[in-house]
Amino acid sequence: MPRTLSPELRRALTERVRYCHEIGIYDFYRREPLALEAPVASVAETADSVPKPAFQLESREEMSPRKAAVFAKPTDENLATVGLEQNVSDPVAALKIIREDLGDCTRCKLHKQGRKQIVFGVGNPRAELMFVGEGPGADEDAQGEPFVGRAGQLLNNMIKAMGLRREDVYIANVVKCRPPGNRTPERDECETCSPFLMRQIAVIKPKVIVALGAVAAKNLLAINAPMSELRGRFYDFMPTGVRSSDSSWQGARLAVTYHPAFLLRDPRQKGEAWKDLQMVMKYLGLKPLPKAEV
Ligand code: SF4
């Protein structure tokens with residue numbers, strides 16, 4: 001970085017710091033780039049063991065197509081968040097602090113584009129497994145909970161097929177307000193909202209995060225690659241710019257699979273999604289339910 005900052009860069013940095021303070025970030029440091037890890041389980045390795053998915057799709061009804069995914073490469077890769085929750089060891093209390101910090105958020109333009117309410121996240125604050133989607137849809141906006149519509153029902157089936165209950169995991173989205181018409185959240189919206197997701201992850205400290213769909217994967221990993229390249233492996237993941245209250249937590253492993261809404265549109269891919277989930281189950285030591293119970 002040059003010793004003398006241009007006025008434009010100085011203004012941009014000042015604005016960035018002001019924004020970070022607004023959302024509870026007061027401490028900054030440099031960190032190494034995200035380390036990628038070699039695949040631990042290829043699609044081919046899992047294909048033979050369980051050829052058919054254990055979760056069922058409820059119908060083949062078409063959903064509204066979404067635009068091509070956009071993603072936000074975090075601009076604060078070198079920043080560390082010390083949220084107000086940093087010294088709070090109880091994750092329930094820490095998540096409450098983040099929610100209160102979020103308030104009736106107007107930080108990005110999604111607040112004035114028809115949202116009914118903020119969809120913060122739901123589930124076990126001590127979950128070993130966390131799912132991250134793209135953003136709330138109409139049902140989620142109405143109920144204030146992520147993944148409660150048809151895609152949510154499919155996600156519930158996927159969780160159940162893994163031998164878990166919905167309340168065992170934590171579920172959140174990259175953006176917490178519904179984009180109008182279920183459009184893909186835009187880059188500035190993802191950049192503005194994702195620090196709160198990072199703080200949630202740092203509080204929950206999951207062993208594994210499953211990114212549901214390309215938007216979530218690209219935002220979390222800051223990698224612009226097709227799903228075919230993103231899936232089938234684990235990534236080492238440490239939430240960007242966040243310091244967990246637990247210094248012993250060394251981050252999560254992150255896997256990528258298809259968004260349930262995509263699986264509703266293209267059920268042929270559910271077998272591929274099941275392979276992704278099997279990889280996660282193997283790592284977490286989970287046993288699938290007998291097929292008859294799913
Ligand atoms: S999407 Fe996130 S940053 Fe934007 S208004 Fe909603 S809560 Fe705030």
Side-chain angles (χ1 to χ4, degrees), residues 12 14-26 64 66-67 69-77 79-85 94-123 125 130-149 151-152 170-204 209 211-222 239-242 259 261:
T14 301
E15 177 61 24
R16 190 68 190 175
V17 170
R18 184 202 61 74
Y19 167 68
C20 289
H21 284 179
E22 184 183 328
I23 63 171
I25 302 171
Y26 300 101
S64 301
R66 293 194 171 205
K67 294 177 184 174
V70 296
F71 77 98
K73 183 178 186 299
T75 56
D76 53 352
E77 283 177 325
L79 305 180
T81 300
V82 179
L84 303 173
E85 71 282 2
L95 289 173
K96 188 165 179 279
I97 289 171
I98 298 171
R99 181 63 189 89
E100 288 172 354
D101 198 9
L102 194 59
D104 187 21
C105 184
T106 59
R107 292 174 179 83
C108 86
K109 61 183 180 295
L110 286 179
H111 84 277
K112 56 184 178 183
Q113 295 189 349
R115 81 162 185 216
K116 289 190 174 69
Q117 57 188 313
I118 291 170
V119 181
F120 182 68
V122 70
M130 185 168 176
F131 290 92
V132 176
E134 178 180 320
D139 294 315
E140 291 74 18
D141 185 45
Q143 299 185 40
E145 184 172 326
F147 286 92
V148 291
Y170 195 90
I171 307 170
N173 285 305
V174 174
V175 296
K176 302 188 186 306
C177 298
R178 182 193 181 198
N182 285 355
R183 67 159 170 77
T184 299
E186 294 173 358
R187 180 179 181 137
D188 61 308
E189 296 158 356
C190 294
E191 284 183 351
T192 304
C193 203
S194 61
F196 292 96
L197 172 64
M198 297 297 171
R199 289 168 64 182
Q200 287 171 284
I201 293 171
V203 164
I204 296 164
I209 297 169
L212 297 168
V215 173
K218 292 175 181 181
N219 272 283
L220 290 168
L221 294 172
T240 305
V242 181
H259 194 287

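Remember, it's a predicted structure, so these values are computed and weren't measured experimentally. Remember, it's 1-based here, ligands and their atoms both numbered in the order they're listed.
Of all heavy-atom pairs between Ala216 and Gly133, the closest is CB-O, 3.7 Å.
Residues Leu102 and Arg107 have side chains in contact (heavy-atom distance under 4.5 Å, counting atoms from C-beta outward).
Side-chain rings of His259 and Phe131 stay apart, their centers remaining 6.0 Å or farther from each other.
Salt-bridge formation is not detected for the pair Lys176/Asp104: no Lys NZ or Arg NE/NH1/NH2 atom is positioned less than 4.0 Å from an Asp or Glu carboxylate oxygen. The pair Arg178-Glu140 does not count as a salt bridge, with every side-chain nitrogen at least 4.0 angstrom from each carboxylate oxygen.
Proximity to His111 (heavy-atom distance under 4.0 Å) selects the following atoms of ligand 1: 5 (S). Counting the atoms of ligand 1 from 1 in the order shown, those under 4.0 Å from a heavy atom of Cys108 are 1 (S), 3 (S), 4 (Fe), 5 (S). Each of the following atoms of ligand 1 lies closer than 4.0 Å to a heavy atom of Arg115: 5 (S), 6 (Fe). Near Cys105, with a cut-off below 4.0 Å to any heavy atom, the atoms of ligand 1 are 3 (S), 5 (S), 7 (S), 8 (Fe).
No heavy atom of Lys109 sits closer than 4.0 Å to any atom of ligand 1.
Within the coordination shell of atom 2 (Fe) of ligand 1, defined by N, O or S atoms under 2.8 Å, Cys193 is present.
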